[in-house]
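Presented below is the structure to which this report refers.
Fair warning: this is a prediction, and the values are worked out from it, not measured in the lab. Each chain gets a letter, A, B and so on, in the order its sequence line appears, and its residues count up from 1. What you see below is based on every heavy atom in this structure, not just the backbone, and it leaves out hydrogens, waters and symmetry mates.
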Amino acid sequence: MENLSDLLLIRRQKLQKIIDLGINPFPNRVKRTHTITDLIEHKEDYLKKAEKVIITGRLIAMRRQGKIGFANLMDESGKIQLYVRKDELGEENYELFKLLDLGDFLQVAGSCFLTQRGEYSVKAENIKILGKNLRPVPTVKEKIVAGEKQRYDEFADIELRYRKRYLDLLLNPQIKQNFVLRAQIIREIRNFLDKRGFLEVDTPILQPLYGGAFAKPFVTHHNSLNIDLYLRIAIELYLKRLIVGGFEKVYEIGKTFRNEGMDRNHNPEFTLLELYEAYADYNDIMDLTENLIRSTAEKVLNKKVINFQGQEINFNDPWRRASMLDLIEQETGFDVSDFDFERIKTFCDKKGIEIEPSATTGKLIEAIFEHFVEKKLIQPTFVTDFPKDISPLAKANPDNPQLAERFELFINGDEFANAFTELNDPIDQRQRLEAQAKLRELGDVEASVVDEDFLESLEYGMPPTGGLGIGIDRLIMLFTDNTSIKEVILFPQMKPEK
RNA sequence: GGUCCAGUAACUCAGUGGUAGAGUAUCUGCCUUUUAAGCAGAGAGUCGAUGGUUCGAGUCCAUCCUGGAUCACCA
């Protein structure tokens with residue numbers, strides 16, 4: 001700490017010296033005629049024309065050499081070398097140059113030329129400071145060895161990278177790319193849906209009741225209404241109200257909050273896409289999901305087959321569709337289609353699958369699926385027809401009333417989407433929610449609560465509807481080949497430092 | 001929450017019980033085409049925290065904090 005304040009003190013002293021020279025270290029006005037990449041892309045032109053250019057950026061390297069100096073300036077578009085001569089700048093301006101630190105923002109006027117070593121550079125005629133750095137930025141050095149870029153003293157501490165993301169972005173340009181891709185993916189999803197006539201909407205994040213998923217909510221309080229409100233755990237129930245209201249295709253991409261554990265796949269706030277299409281069922285939604293993800297990969301990554309952690313994921317071939325019960329039987333030889341609670345429970349006990357006391361038959365089946373099947377689904381697979389009792393918002397399968405018309409999409413052993421033929425029978429829906437409420441009384445803290453306002457809306461009539469939810473962060477992890485959700489969320493939740 | 005691993009200078013790291021180290025960064029000096037610039041010198045640390053063992057602890061032990069991996073949990 002002592003040492004750090006020394007470093008900080010030195011910067012503040014330099015700041016004062018700059019002010020004493022009559023220079024404003026934080027001026028309001030800036031002039032820039034070119035980005036650095038402009039200069040690089042039209043290198044030949046600027047070398048020939050010797051035209052005067054003004055560039056801006058952050059000082060990221062400095063090699064002073066008596067009465068001359070070399071420096072590297074970086075703007076968002078790229079980096080370029082500056083060549084600075086005392087006899088070119090003049091006494092006063094060179095005095096400023098000598099007071100600069102790495103991390104300062106500069107406006108540099110000059111012209112392009114090649115150094116003796118052949119490096120394309122800007123010969124500075126005037127340097128203006130645009131913002132003084134007061135805290136040393138960690139230095140990462142790069143050297144080109146046999147055409148390969150080697151990095152030294154990389155800013156690599158994972159904890160620091162997440163806690164000080166601005167430094168991570170500044171010092172690790174490849175990290176920035178994750179977030180550029182993130183933006184492109186989300187934009188492409190919007191394009192895809194907009195083109196198909198979906199309307200993007202915004203529904204409440206603060207909700208008097210929460211629903212649409214099994215999860216523990218965050219609770220907050222509204223002072224003037226004097227009521228507790230919940231941060232939404234899903235978007236579902238409000239979007240369905242919009243389908244009741246006559247919109248036929250709606251979607252929302254937004255933050256959702258679940259008050260649960262955090263790990264490489266879970267952040268307490270995450271981005272969810274939900275969409276609802278009237279007069280569609282879960283088969284239609286499977287087609288839509290497949291097209292959405294394939295076309296996003298094609299548009300953003302320009303690929304139909306991607307590589308994730310060394311594993312090829314093929315989005316191109318028609319995606320496998322298999323029912324949960326069939327998959328379980330294939331993997332285990334055990335047939336659960338009779339829904340015999342005792343028999344299935346015995347199987348779970350024998351296989352060492354732990355079950356909560358409040359578990360229903362459907363939960364047992366799901367547990368078997370998760371234990372034996374899930375991780376084996378590497379190529380995109382729609383797992384269809386879930387037990388009805390764990391799918392309280394999905395319509396029953398007409399061929400088997402124990403099952404619901406629901407699918408989840410699995411890729412590389414992880415869940416990417418969850419969708420149903422939505423239940424639009426208000427009486428059935430009430431019974432299902434009341435069954436959930438009963439589970440809740442028995443101690444299942446994640447069971448749904450009864451949302452009377454939602455049930456009332458269904459009584460006015462909701463058309464047959466297909467609905468879909470996709471975890472956007474996980475999709476971005478897949479597309480950017482990252483195994484931690486923290487790598488695709490700019491400011492992931494961290495415990496406060498003590 | 002369980003298990004394992006890590007935490008030493010601003011950054012990257014070395015240091016297996018005996019005087020806290022290196023490179024980079026910073027500061028001073030020299031240097032008019034360098035590029036991980038160079039040369040010479042200097043300053044910089046509550047070794048994550050708290051206890052303990054010991055003549056002596058960065059090092060061994062315990063507890064805690066933070067992060068990571070993994071398992072459990074979790075649509």
Side-chain angles (χ1 to χ4, degrees), chain A residues 1-11 13-14 60-72 79 81-88 94 101-103 113-119 121 123 135-145 149-164 167 171 212-216 233-234 236 256 258-266 268 272 353-354 356 363 366-367 369-370 374 383 386 390-394 406-410 414-420 445-446 469-471 474 483-484 486 492 494-498:
Chain A
M1 267 342 237
E2 190 84 35
N3 167 51
L4 183 59
S5 45
D6 276 358
L7 293 175
L8 295 185
L9 200 65
I10 288 161
R11 302 266 158 145
Q13 286 166 353
K14 286 190 181 178
I60 55 163
M62 174 87 103
R63 296 175 291 282
R64 282 199 43 228
Q65 213 182 105
K67 296 185 182 62
I68 67 160
F70 295 88
N72 293 353
K79 306 174 199 177
Q81 176 169 273
L82 304 177
Y83 174 51
V84 181
R85 297 173 61 101
K86 188 175 184 179
D87 55 15
E88 193 84 35
Y94 198 75
D101 287 305
L102 299 186
F113 79 113
L114 290 180
T115 64
Q116 282 182 3
R117 295 287 177 95
E119 174 141 353
S121 308
K123 184 186 284 183
R135 189 177 288 266
V137 176
T139 38
V140 177
K141 298 230 163 187
E142 288 177 355
K143 185 188 186 181
I144 312 282
V145 178
K149 189 186 282 181
Q150 305 243 353
R151 309 189 88 219
Y152 298 82
D153 297 342
E154 218 158 348
F155 183 75
D157 183 281
I158 292 177
E159 186 174 352
L160 274 181
R161 284 187 42 232
Y162 297 153
R163 286 192 193 279
K164 301 193 188 299
L167 292 180
L171 298 167
F214 297 146
K216 286 170 241 166
I233 59 172
E236 176 137 0
T256 306
R258 296 188 186 175
N259 205 340
E260 293 166 349
M262 295 154 54
D263 59 32
R264 54 146 78 184
N265 286 311
H266 298 83
L272 192 60
I353 300 172
E354 277 181 49
E356 283 172 43
K363 276 229 170 188
E366 186 187 36
F369 172 79
E370 286 172 359
E374 214 175 82
V383 176
F386 281 54
I390 56 166
S391 312
L393 298 166
R406 169 179 176 186
F407 73 80
E408 287 189 354
L409 170 64
F410 285 85
D414 285 324
E415 182 202 329
F416 282 83
N418 184 20
F420 334 123
V445 289
E446 294 185 342
I470 293 181
R474 291 195 190 166
T483 56
S484 169
K486 290 189 167 77
M494 301 288 277
K495 281 198 202 180
E497 287 174 289
K498 290 213 166 169

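- Comparing atom distances between the A:Asp263 side chain and each of B:A10, B:U34, B:A72 picks out B:A72 as nearest.
- Atom CD in A:Glu119 sits about 9 Å away from atom P in B:A36, given to the nearest Å.
- Residue contacts for A:Arg161: at a heavy-atom cut-off of 4.0 Å it reaches no nucleic acid atom on any strand shown.
- Comparing B:U26, B:U24, B:U33 by their closest approach to the side chain of A:Arg85 singles out B:U33.
- Remark: the A:Arg63 side chain and the A:Gln81 side chain contain an N/O donor-acceptor pair separated by less than 3.5 Å.
- Contact check, A:Lys486 against B:G68: a side-chain N or O comes under 4.0 Å of OP1 or OP2.
- The side chain of A:Lys141 places an N or O atom within less than 4.0 Å of a non-bridging phosphate oxygen (OP1 or OP2) of B:A25.
- Separating the CZ atom of A:Phe386 from the C1' atom of B:A75 is a distance of 8 Å, rounded to the nearest angstrom.
- Here A:Phe70 does not count as stacked on B:A37, because the ring centres are not under 5.5 angstrom apart with planes under 30°.
- Using a 3.5 Å distance cut-off with no hydrogens or angles, the side chains of A:Arg474 and A:Asn265 do not pair a donor with an acceptor.
- A cation-pi contact, defined as under 6.0 Å to the ring centre and within 45° of the axis, is absent between A:Arg406 and A:Phe420.
- Look at A:Arg63 and you won't find any side-chain N or O under 4.0 angstrom from OP1 or OP2 of B:U34.
- Side-chain proximity of A:Ile68 to the nucleotides B:A69, B:A75, B:U33 is greatest for B:U33.
- Side chain of A:Phe155, nearest nucleotide from B:U66, B:U33, B:C11: B:C11.
- As a whole-Å value, the separation of A:Tyr83 OH from B:U35 P is 14 Å.
- Judged by atom type and distance alone, A:Gln116 does not reach the base of B:U34 through any side-chain donor-acceptor pair under 3.5 Å.
- When the nucleotides B:U34, B:C27, B:A75 are ranked by their closest atom to the side chain of A:Phe214, B:A75 comes out on top.
- Ring centers of A:Tyr83 and A:Phe70: under 6.0 Å apart, within the cut-off.
- The distance between atom NE2 of A:His266 and atom P of B:C71, rounded to the nearest whole Å, is 13 Å.
- Remark: A:Arg264 is in phosphate contact with B:U70, judged by side-chain N or O atoms under 4.0 Å from OP1 or OP2.
- Side-chain proximity of A:Ala213 to B:A36, B:A69, B:A75: nearest is B:A75.
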